[in-house]
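Structure first, commentary second.
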Amino acid sequence: MRKELSKQYTPHGMEQKWYKFWQDEGMFLADENNSHAKNTYSIVMPPPNITGKLHLGHALDDTLQDILIRFKRMNGYETLWLPGTDHAAIATEAKIVAKLKEEGLTKKEIGREEFLKRAFAWKEDFGGQIIAQIKRLGCSCSWEHERFTMDDGCSAAVRHLFVDLFNRGLIYRGERIVNWCPYCKTSISDAEVDYVPKAGNLWYINYKVEGGQFITIATTRPETMLGDTAIALNPKDERYADLVGKTAILPLLNRKIPIVADEYVEMEFGTGAVKITPAHDPNDFEVGQRHNLEIIKVMTEDGRINENGAKYAGLAILEARKQIIEDLKAEGVLVKTEELEHNVGICYRCGNVIEPLVSKQWFVKMKPLAQPAIDAVVQKKIKFVPERFSKIYLHWLENIKDWCISRQLWWGHRIPAYYCEQCSQMIVSEEAPKVCPNCRSTKILQDEDTLDTWFSAALWPFSTMGWPQQTNMLKNFFPTNTLVTAYDIIFFWVVRMAFVSLDQMKEIPFEYVYIHGLVRDAQGRKMSKSLGNGVDPLQVIEQNGADVLRMSLIIGNSPGNDIRFSDDKILLARNFANKIWNAARFVLMNISDTEECEELNPKALQIEDKWIITRLCKVVKEITANIEAFELGIALQKIYDFSWDVFCDWYIELAKLRLKNHEATVCCVLVNVLKEILKALHPFMPFITEEIWQALPHKGKSIMLETWGIHFKADEFKAEADEFEKLIAIIKAIRNARAQGKVTEGQKVNICIVTAEEVIKENADFITQLCKAKSVVFAKAEPEDTDGAIAATTDSARAFVYVTESVDKDKELAKLGLQLEALNKEYLVLQERLSNPGFLNKAPKAVIDNYIEQKEKLAERIVNVKANIKKYS
RNA sequence: GGGAGUAUAGCUCAGCUGGUAGAGUAUCUGCCUUACACGCAGGAGGUCACAGGUUCGAGUCCUGUUGCUCCCACCA
């Protein structure tokens, strides 16, 4: 049915309408029982966390995936795009703690149970919001399979994995140095520590050595000396050769500590002598292990000095530092103080300084798990796009340390380890034991800690498909085909999915890892809350539509590279949407209600039809290859260029001539080419393409279900299409000549063309039309009279443009008079509105700005018209 | 200290396997030719960071230098 389209593209309304339609009609459904295994395509959506709103990074990530999944769906694949949300342990817990604080409450006061209740309520609120926002973007996820990292199935998978790794000796519990955040009161993994340069001091302190000598050490953290259990020197350091093996006296506490030799000490730094605090420094811990040193913890978990710190006990770290410096000065052992800028580890979540400290934690033994994950990438079973990111992945795995998986948080998967209160027996099991297998006691407590968020995230590609059950979905859709994610998440997530999948499934979790960059602001800065430079994607959707947001994120985007998001891009996308919209409007205005344009009759085609079809086939073929190679930015650019420069600027202009006679073939070509453009564009801009599609005569239900690719044979008309380019070339040259010769639109010209090309001679009407000519004649040789003519030359033709008439002044003046009148009227209307206080107060700012802009443009035009009137009178 | 990216029109960036430099925007000239002024036609604007090399031919490949960005490690 032919429908009227409004003059300008307005997305409002169409998005909800079509999204609901697609979903109601079950178009996103993945048939998990489909056994045509070769014909399936699956993507696992990186689950957004439930702490916040959709940001542009998500929007980009999800748009890329939606393009791929829609493309594959149109290519006939059974597709599964499995969505979900992540509980984001530490981040969510921090938010809830902050909210409690507002109410004057603490975690401990309300207790674990109540805390979890609140956390789940939070999930209901915000988890739902982010899903709604993803739908708003147009993402065609398989929503009936939506998952959450802490739902029953995923939780069971987590316990299964933990128990399995534990039973195989790959999970152990031990005292190790961990990164401790005194604010979040939990350990965090190495990857969660950020290092920032900070101005600090390097203090030089004399330690007395037995026998009366002194040895000077340098430190940036003097308070840790309370836990010193040795001094270390480099074995090659001749300055101190005689000191190794002797005993030093720790100032303030007067503890006797050994002097040891260790390669770790750099002779050039400080004095070449290092105090060793195994409990509070990762390197010192290792030195301690090598030399069998005592480990003395002097810090509490909330960042204070503990009872081992003698008189300093109870002081916060910085207070203790101050006091200790004072006391060292008083004792006369503080030799000097230097300023030193050094890197300080901070918690990636709360920004507070990390204190390394020894504590009992759960770890995953990484070496045996890492190797298969390394092999998978080396052997190109898992392929990174762009390839260079595999280096980051490999480098990380080759230097991996054991993974600390326990967190002292409440929000998360509780560690499935249980302790008998009576006999201290530890039981690790998927289900909580009722009685102790050792002493039959029923007093059993579960480990207080929860697991690192990434422990459950590592299972995501298959826990979401029902693992550890052997489901049909797993059989048909696992391993998944593609993972789309940003490069900043490679260590956190990609690596962990890889080794867990290879260990548990004996298969890679995905074949391609498509890495995209970060979305930055117009100045290239990271978008962040503190800078306030974040662009809210929802607002962009509100103002311009999801299609425009999607296009502005994809255009000019190449794999792995960051993109800058700017108003220019939005404008580009909006203008393009409007262009397509109007091209469709034009086609609809020119076809009759009963037009049947399903099939093209090759015999009825004119040369320009064959030309556009050939160009179309070529471009669709290229676009297909681009999408398959993940070059989505290029693919979209090609659709843009073809639609605008080829279809609109040339074919529609050429078609106008034939449309005067309501010729059926040209209508048919217009409709069919437009349809092909819409199909190619659909993965990128799903809503506008569906809206237009539904307005066109068609048999299908939705453009989503159309088959990708062109129905015509690509090379059939190639020779004629090439011929046609010659006509285009001469038209361009003549237009150029007109402009160079300052021939205005109003001035008619006669054109004489010398050419041997039939294609030019036969299509003189097009030249008349597109070059605004009065007449076009052909000559065998260059005309004798070329005085005043402007020449235009191409490879195959030479044209002479004669300006035959000067501008008819009276006619021109009359026209300009009318124009001026109309413009003035329009101007007055705008001015009136803009001086109306009611309007100014109530209308949205965007509307007012638009009016002001329009008014300015009108004023400019009025000035121009007035100038022209002056010119002619 | 190790590694990676990047350097192309005033600005923001494309440019895949080497073959006559592209887009958007800004700018200049003409246009309300009614699908679209969110538009049309035309123009100006680039030693493709620098220096070498391979090649008949290099923005593209190799080596080096410089600037910017990022990642990893680490600084007692």
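These numbers were taken from a predicted model, which means no experiment stands behind them. Per chain, numbering begins at 1; letters A, B, ... match sequence-line order.
Each of B:rC38, B:rC70, B:rU25 was ranked by its minimum atom distance to the side chain of A:Arg520; first place goes to B:rC70. In this structure, the nucleotide among B:rA37, B:rG15, B:rG24 sitting nearest to the side chain of A:Ser558 is B:rG15. Here the nucleotide nearest the side chain of A:Ala583, chosen from B:rA76, B:rA35, B:rG42, is B:rA35. Closest approach to the A:Leu572 side chain among B:rG24, B:rA35, B:rA76 is made by B:rG24 (side chain taken as heavy atoms from C-beta onward).
The side chain of A:Lys638 contributes no N or O atom lying less than 4.0 Å from OP1 or OP2 of B:rG22. A sub-4.0 Å separation between OP1 or OP2 of B:rA14 and a side-chain N or O of A:Asn561 is present. Contact check, A:Arg738 against B:rG42: no side-chain N or O comes under 4.0 Å of OP1 or OP2. A:His342 has a side-chain polar atom (N or O) that falls below the 4.0 Å cut-off from OP1 or OP2 of B:rA76. Side-chain nitrogen and oxygen atoms of A:Lys656 include at least one within less than 4.0 Å of the OP1 or OP2 phosphate oxygen of B:rA35. Close to B:rG39, at under 4.0 Å from its OP1 or OP2, lies a side-chain N or O of A:Asn575. Distances shown here put every side-chain N or O of A:Thr219 at or beyond 4.0 Å from the OP1 or OP2 atom of B:rA76. The phosphate of B:rG43 (OP1 or OP2) has a side-chain N or O of A:Asn736 nearer than 4.0 angstrom. Put simply, A:Trp644 has a side-chain N or O that comes within less than 4.0 Å of OP1 or OP2 on B:rC40. Remark: A:Arg564 is in phosphate contact with B:rU12, judged by side-chain N or O atoms under 4.0 Å from OP1 or OP2.
To the nearest whole angstrom, the two P atoms, one in B:rU63 and one in B:rU54, are 15 Å apart. For B:rG67 and B:rA14, the C1' atoms lie 22 Å apart once the distance is rounded to whole Å. Rounded to a whole angstrom, the distance from the C1' atom of B:rU29 to that of B:rU17 is 42 Å. Rounded to whole Å, the P atom of B:rC61 lies 11 Å from the corresponding atom of B:rA7. Atom name C1', nucleotides B:rA58 and B:rG18: the rounded distance is 6 Å, in whole Å. A gap of 26 Å separates the P atoms of B:rA44 and B:rU60, to the nearest Å. Using atom C1' as the reference point in both B:rA73 and B:rG3, the two lie 10 Å apart (nearest Å). Nucleotides B:rU27 and B:rA9, compared at atom C1', are 12 Å apart to the nearest Å.
In this structure, the CD1 atom of A:Ile634 is 12 Å from the C1' atom of B:rG22, given to the nearest Å. The CD1-P distance, from A:Ile580 to B:rC38, rounds to 18 Å in whole Å. In this structure, the CG atom of A:Asp562 is 10 Å from the P atom of B:rA14, given to the nearest Å. Spacing between atom NZ of A:Lys569 and atom P of B:rC13 amounts to 7 Å, rounded to whole angstrom units. Atom C1' of nucleotide B:rA76 and atom OH of A:Tyr204 are separated by 10 Å, given to the nearest angstrom. A:Lys391 has its NZ atom 13 Å from the C1' atom of B:rG2, to the nearest Å. Taking atom NZ of residue A:Lys772 and atom P of nucleotide B:rC31, one finds them 13 Å apart after rounding to whole Å. If you take CD1 of A:Ile555 and P of B:rA23, they are 13 Å apart, rounded to a whole angstrom.
For the pair A:Phe576 and A:Leu681, the minimum side-chain heavy-atom distance is below 4.5 Å.
Between A:Leu657 and the options A:Leu770, A:Val666, A:Asp765, A:Thr768, a side chain to side chain contact (heavy atoms under 4.5 Å, CB included) holds for only A:Asp765. When each of A:Phe389, A:Tyr393, A:Phe630 is tested with A:Phe384 by the rule ring-ring contact (aromatic ring centres under 6.0 Å, His included), just one qualifies, namely A:Tyr393.
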Between A:Lys732 and A:Thr794, is a side-chain hydrogen bond (donor to acceptor under 3.5 Å, both in side chains) present by the stated rule, with each step listed? CA-CA 9 Å; A:Lys732 278 187 175 170; A:Thr794 69; over 6 Å; no
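Taking the six-membered ring where the residue is Trp, A:Tyr651 and A:Phe647 present parallel rings, their angle staying beneath 30° rather than reaching 60°.
Figure legend: A:Arg321 and A:Trp203 shown without cation-pi pairing, the cationic atom not lying both under 6.0 angstrom from the six-membered ring centre and within 45 degrees of its axis.
Taking a pair to require two hydrogen-bonding distances under 3.5 Å in either a Watson-Crick or a G-U wobble arrangement, B:rA7 pairs with B:rU66.
At least one donor-acceptor pair under 3.5 Å links the side chain of A:Arg239 to the backbone N or O of A:Met267.
Using a 4.0 Å heavy-atom distance criterion, A:Ala577 is classed as making no nucleic acid contact.
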